[in-house]
Amino acid sequence: MRNSFNIASFSELVQETREDPEKAQFYYGARARFLPHRGVRVFAMPALLGGVKSARRFEFDIAEPAARLSSDEPTPMEMALTGIASCSVKSTIAGGSSRNVLFEALAMTISARMVPGGDEQLGATKVAELSCEITAQTDTAGTVLTEIAAQVAERSPNHRTATDKTETRFLLGGRPVPLPGDDTPAPDPGGSHTVARHVTWLSGAQLESRDASGKGGILRVDQPKQLAGVDWGPNPQEYLVMAAAADIAQLAGLAQKLRTGESGEWVVEATGHLDIRGLMNVDPTAPIGLQTVNFTLRAPDGMQSADAAADVCRAAAASAVVDLIARPHPAAVHVG
C-alpha cells in the first residue's frame, strides 16, 4: 500500500485482464431528463465492471442557464472537466505509487477556454484550448514528476478521450441520427471565457472538485467498492457521461423551444465503454480512452420524427461537451 493505493490489488487486476479480456471491459452510463421550467436532472446508471453489475445512486440538478437556481448546481462542462482532471489525478497516484513516490498532497487545475460555436440563439460554444497542470507536495525530484505527467497524458483514459478523436453516435426512436463531422479547430472570434476546475486528492480513491476560483459547490469523486472505493461519489468516467447526457438534454429542450415556442420532456441516455487493458498497458492494441459514446434520446410525446431529429442535430452541434469528447484537443499535462 502506497499513497492509499493498493499496488498488490492492481497487479492482480492486471493479471486477471491478461487471462480474461472480458474482465477488462467496463461500461458506464447516465440518464438525463429535461423538463420545461425545471431544467435538467441527471443520474448515474448502473455500471458493468468486468461483467459485475455495480449499482450507482448519484444524481445532480442542472438548472436552465436563464433560471439557474443555485451556484452550487454544476454545469455540464464543469462536470466534464471534473471527469477529465480526476481521472488524471488518479492516474498520477497510480503511476507515482509504482515508482515509490510518496505524495503529501496532489491536485490538478484544468481549464478550458470556450469560444462561440456558431449557433448564438442556442448558446453554442466550442473548446478552443485545454490546459492541465499538476501540483504536488513530495520529496521526489521534479524530473520524475515530469515523467509521470507525460505518462498520465498518454495513459489516463479521460484525458485521452479529450485529446483523441472519439466517435459519438445518436439514436432517436431506435434510429440513427446522422450528424455532420467537424474536426476543425475552434475559431476564436473573440468573446471567449474560461471554465476551470481544481481537483484535489484527499485519500485513496476520494477526490474533490471545486471551481478554480473557490466559489460554488463541491463535486465528490470516488470509485465503486469493486474498485477500492467507498461509493462517496461518481467516478471520473461517470462524470463524463453524465455531463454529455445533461448537455444534450438541456440543449434539445432549448432547441425545441426556439423552434416552436415551447418545450417538452426530453430523456437522454449516454453510455461509454472503457477497455482498461489500454490504461494498464496490458494490450498495446487496446484503446486507452472511452470507445464510442452512444446517445439514446426520447423526444416529447407527439413530436414529428423529422422535427425531433432536427432538434437533436442542433443540440449536438451546439454542445460543448460533445465537442470536448468528439474533436481532438491537444493538451499536455504540466507540472506546476
Side-chain angles (χ1 to χ4, degrees), residues 26 28 76-95 107-115 117 125-135 145-169 181-188 192 194-199 207 209 212 221 235-244 247 270 272-281 283-294 316 319-336:
F26 288 15
Y28 299 98
M77 181 55 67
E78 289 171 341
M79 297 179 75
L81 294 181
T82 292
I84 294 170
S86 59
C87 189
S88 295
V89 171
K90 292 173 72 64
S91 297
T92 304
I93 290 290
M108 171 177 278
T109 299
I110 183 170
S111 60
R113 187 166 62 85
M114 314 298 298
V115 297
T125 56
K126 286 192 173 185
V127 179
E129 184 179 4
L130 190 66
S131 64
C132 309
E133 183 178 88
I134 289 175
T135 55
L145 292 178
T146 300
E147 292 171 0
I148 293 172
Q151 292 173 348
V152 169
E154 180 183 358
R155 292 288 164 187
S156 179
N158 285 4
H159 185 88
R160 287 294 297 270
T161 301
T163 60
D164 295 352
K165 181 178 179 180
T166 304
E167 184 179 8
T168 57
R169 294 177 183 170
D182 182 10
D183 293 336
T184 58
D188 193 353
S192 66
T194 298
V195 181
R197 302 294 293 184
H198 185 71
V199 176
L207 303 95
S209 169
V221 187
N235 88 339
Q237 285 71 41
E238 288 168 327
Y239 268 112
L240 200 52
V241 294
M242 282 195 293
D247 208 25
H273 170 209
L274 180 66
D275 186 339
I276 64 171
R277 293 177 301 169
L279 75 94
M280 297 189 299
N281 204 21
D283 181 353
T285 67
I288 296 172
L290 285 177
Q291 298 181 41
T292 304
V293 177
N294 292 295
S319 170
V321 176
V322 170
D323 176 69
L324 179 64
I325 292 171
R327 191 167 56 85
H329 299 82
V333 178
H334 301 285
V335 177

To check you understand the geometry: which heavy-atom pair defines the closest contact between [X] and [Y], and what is its length?
X	Y	answer
M79	A243	CB-CB, 3.8 Å
A320	M77	CB-CE, 3.5 Å
A85	V199	CB-CG2, 3.6 Å
A162	I84	CB-CD1, 3.8 Å
T168	A326	CG2-CB, 4.1 Å
V221	Y239	CG2-CE1, 3.7 Å

Is it the case that the side chain of [X] and the backbone of [Y] share a donor-acceptor pair, with hydrogens and angles ignored and the cut-off at 3.5 Å?
X	Y	answer
R155	G278	yes
S86	G83	yes
R327	V127	yes
S192	R113	no
D283	T285	yes
D275	P287	no
T161	L290	yes
H198	A196	no

Nearest 0.5 Å, what's the [atom1]-[atom2] distance between [X] and [Y]?
X	Y	atom1	atom2	value
N158	L81	CG	CG	11.0 Å
R197	T109	CZ	OG1	11.0 Å
L274	Q237	CG	CD	5.5 Å
E133	S111	CD	OG	9.0 Å
R169	N294	CZ	CG	6.0 Å
L207	M108	CG	CE	11.0 Å

- request: Using the side-chain contact (heavy atoms from CB on, under 4.5 Å) rule, take Q151 and V333 through it: C-alpha gap first, then chi angles, then the decisive distance, then the call.
  value: CA-CA 9 Å; Q151 292 173 348; V333 178; over 6 Å; no
>> For H273 and T292: C-alpha separation, side-chain torsions, deciding distance, then whether side-chain contact (heavy atoms from CB on, under 4.5 Å) applies.
In response: CA-CA 7 Å; H273 170 209; T292 304; over 6 Å; no
If the test is side chain to side chain contact (heavy atoms under 4.5 Å, CB included), which one of C87, S88, S91, P236 qualifies with H159?
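Result: among C87, S88, S91, P236, S88 is the only option passing the side chain to side chain contact (heavy atoms under 4.5 Å, CB included) with H159.
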* To do: Would you check, one step at a time, whether the test side-chain contact (heavy atoms from CB on, under 4.5 Å) holds for L324 with L130?
  => CA-CA 9 Å; L324 179 64; L130 190 66; 4.3 Å; yes
Please evaluate residues K90 and I93 with respect to the criterion side-chain contact (heavy atoms from CB on, under 4.5 Å), reporting the C-alpha separation (whole Å), side-chain torsions for both, the decisive distance (0.1 Å), and the verdict. CA-CA 5 Å; K90 292 173 72 64; I93 290 290; 5.6 Å; no
query: Can you find a pair of side-chain heavy atoms, one from I134 and one from L145, that are under 4.5 Å apart?
result: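 With C-beta onward as the side chain, the pair stays apart.
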Do D247 and V322 have side-chain heavy atoms sitting under 4.5 Å apart? no
